[in-house]
Amino acid sequence: MATQAPPLRISVNGHAHDITASLDTPLLYVLRNDLGLNAAKYGCGLGRCGACTVHLDGVAAYACLVTLGEVDGHEVTTLEGIGNAEGLHPLQRAFLDEQAAQCGYCIPGIVMTAAALLDTNPQPTDAEVRTALEGTLCRCGSQGRILRAIRRVIDGDVTGGHIVKDGSRDRPAHQTEQDVRTRDANTVDAFLELGPDGTVTVYSGKVELGTGIATALAQIVADELGAPLDQVRVVMGDTALTPDQGTTAGSKTLQIAGPLLQRAAHAARQVLLERAAARLEVASNDLTIRDGVVRPIDGSNAAIPIGELAGAPF
Ligand code: FES
């Protein structure tokens, strides 16, 4: 009668787990099948693609090649262990900010590889970053964004969205969990929101798949509204916050969602001009909006930053 091997206790993301499996079982299988940690992906299974990258005592390792037995006495860290919706790792934040993914399958391995590099060398050169990433093959056409995201972390330039406990990760800073947004696609407010600091938030049911639509939609709104592009942020595909605009497919986003956003931004602009006109006691068509500030067309000094006109719905 075969004797069942005793469970092996391993440490993953700071937690002990007793695993009953053959000692030559790939760590990747244990993570995904036994522990439900699915960030590490199965790609090649041969140590060539890096999709399965985790940390073993802080060093990047291919979980498809490391066996359960080899983990004994070592600390395993997966992507789930370096950050989550309540507190993203700076690399996760930067990858989101840069939209550094297309399908996203390879990204956990790339983030883990970059994290291991930055842990040992917080100020790598671009060449060192590229060398570190050589073991992660897929770029999904987003190599430039990946490098930019990593560079932002190196340079300490990670800003942007805020994490709240319900996982609505891109909610603007001035919104609370109690705020309920309208998602009625017949209203301007479903698509646009102006914060008191002048930040314009665009809510898009269409999502970024690596084609750059997040930037394109932000540019449309910035141009139409008269706001600086760096004051426009885009929340995409969050079903708690964005209008239902159906699927993202067929190169239809700019064709369909673009003009819709342009009209919403135009309507919002008119509302802001009228609010400013009431305060300045002039006609709204004597005013314009440039660089996020409402100004008289005649160049006189009166000026109102659009953030001061925020508050009421559009
Ligand atoms: Fe491990 Fe490709 S799945 S390196």
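Both ligands and their constituent atoms are indexed starting at 1 by order of listing. Just so you know, these numbers come straight off a predicted model, no measurement behind them.
For a distance bound of 2.8 Å, the N, O or S atoms of C52 include none lying that close to atom 2 (Fe) of ligand 1. Look at C44 and atom 2 (Fe) of ligand 1: an N/O/S atom of the residue is under 2.8 Å from the metal.
Residue contact check: G45 has heavy atoms under 4.0 Å from atoms 2 (Fe), 3 (S) of ligand 1. Each of the following atoms of ligand 1 lies closer than 4.0 Å to a heavy atom of C49: 2 (Fe), 3 (S), 4 (S). In summary, the atoms of ligand 1 found under 4.0 Å from a heavy atom of G50, numbered by their order in the structure, are 2 (Fe), 4 (S). Taking a cut-off of under 4.0 Å to the non-hydrogen atoms of R48, the atoms of ligand 1 that pass are 4 (S). Close approach of ligand 1 to G47 is summarised as follows: ligand atoms under 4.0 Å from at least one heavy atom of the residue are 4 (S).
Checking side-chain atoms of D184 against main-chain N and O of N186 turns up a donor-acceptor pair under 3.5 Å. The backbone N or O of D18 lies less than 3.5 Å from no partner atom in the side chain of R9, so there is not a single donor-acceptor pair.
Side-chain contact annotation: E274 with S284, donor-acceptor N/O pair under 3.5 Å absent. At a cut-off of 3.5 Å, with distance as the only test, no side-chain donor of N13 or E80 sits close to an acceptor on the other residue.
Looking only at side-chain heavy atoms (C-beta outward), I150 and L91 come within less than 4.5 Å of each other. A heavy-atom distance below 4.5 Å is found between the side chains of M112 and I82.
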